[in-house]
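Just so it is clear, the model here is predicted, and its values are computed rather than measured. Atoms within each ligand, like the ligands themselves, are counted from 1 in listed order.
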Amino acid sequence: MITLLGLAFLSLVAANPVIIDRSPVTLPVALKLNATGVKNIVERDVARAKALYAMGKGNRLQKRHDFHTKIENQMFYYLAEVGIGNPPTTYQLIVDTASSNTWIGNGRSYVITPTSRPTGSEVGVSYGSAQFIGNQVLDQLILAPGKVIANQSIGVATDSVGISASDGILGLGPVGLTLGTLFPAVDETIPTVVDNLFTQGTIDAHQVSVTFSPSNQISNVNGEITWGGINRDKIAGPVGFTPLTTASPSNAFWGFDQTIRYGTSTPILSQTAGIVDASTTLILISSDAFTRYRNATGAVLDFNTGLLRITPAQFANLQSMFFTINGVTYEFTANAQIWPRALNEVIGGLPSFIYLITASIGAPTGQGLDFVNGFVFVQRFYTVLDTAGQVGFAETRDTRSTVN
Ligand SMILES: *[C@@H]1O[C@H](CO)[C@@H](O)[C@H](O)[C@H]1NC(C)=O
Ligand SMILES: *[C@@H]1O[C@H](CO)[C@@H](O)[C@H](O)[C@H]1NC(C)=O
Ligand SMILES: *[C@@H]1O[C@H](CO)[C@@H](O)[C@H](O)[C@H]1NC(C)=O
């Protein structure tokens, strides 16, 4: 019997960080599920997608008093531990694939050491799930023993909303998202952690890779981030790369084009732009695509969870979804398409139902952000975010896992 209390703060660190070629740095990542107060998982993800849409369109935090808009916490988030300063203070930072600034001070305070260099600027970011404003400092950031980034721009929060149980955020998004985050305004981006790792020669490839295993037992959940390459031990096939999309606002993020079909021949989503975002929980698709998926699966909308729901008999007939990205097709099995049944009650569902993890993004195809391949996608496909202008996906040993 899994209790809500037991599920509230579950974390597990990947057990064996693997040493790999090309001097990448693998950081264990603690995944957390915060089910407290979850009313509607779909509303939460759609709110994030709307905020990302506005952010991608260049609608950043404009003035200090824009700041207080309450946005709910993410349900799944993952924490990486970094050291800042010399001697270093350790911080647990939420890893975010759709933002690019790094900031601390939400939980544990910033500690001034001889390596601290305040710039006198303020820095502020409005996220899908949170907002903060604070003072910019340049300091050293330590990812792993011997892997030190000098002169990293770090926001030290004076005010933050929507973040709890972490000390701040480590941004893995493209550097363009940092434009307009400094006050007084400058027309420059701020090098991200990945940028600095690369330009300072700490990693050889301007890449960061993310992987998680699917699980219905929280104690099995684990993940890792590899900075500067791909952990070959984690993939079970070639990495298919696709260029980043030019369509706005997906082009502000890890955006690319894909199509989705259901089964052998039912088109769901026509070729269009969207993003991969491991900090969104579900698969979100445009409203017309969602209608086709609902029709194809025979599912009904469940008002308690906001998700589509099917019967065990329908599940037995559920066909795979196929995501085609730059000519490579990725099979998303029936098992991948459902919420882990052991966790139904955590999201307000009933144990006897089967819930689908694809939801509507709330707008028809043609918005420039017509899908979000969220965390549930990253659990099935190894994801490579490459600043050279591409994203890559590969099968893992877990791609066809029947764990849900
Ligand atoms: C340190 O970083 C800041 C902002 O990221 C940049 O403006 C400055 O040129 C950097 N200084 C050095 C010595 O790299
Ligand atoms: C979990 O989420 C609830 C509701 O959104 C929030 O009040 C609480 O602070 C969160 N707890 C953690 C540990 O993030
Ligand atoms: C709904 O699905 C049926 C087959 O299950 C198909 O014949 C019909 O065209 C679909 N309608 C829409 C609007 O997609």
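Residue N151 holds the heavy atom nearest to atom 1 (C) of ligand 1 of all those in L138, T192, N151.
Taking atom 5 (O) of ligand 1 as the reference point, the nearest protein heavy-atom neighbour is P191 CD, 3.5 Å.
Classification of the H206-F198 ring pair by plane angle, with boundaries at 30° and 60°, yields parallel.
The six-membered or imidazole ring of F377 lies near that of F323, with a centre-to-centre distance under 6.0 Å.
Protein non-hydrogen atoms do not reach within 4.0 Å of atom 7 (O) of ligand 1.
Between E395 and R400 a salt bridge is recorded (basic side-chain N to carboxylate O distance below 4.0 Å). By the 4.0 Å N-to-carboxylate-O rule, D96 lies close enough to R48 to be salt-bridged with it.
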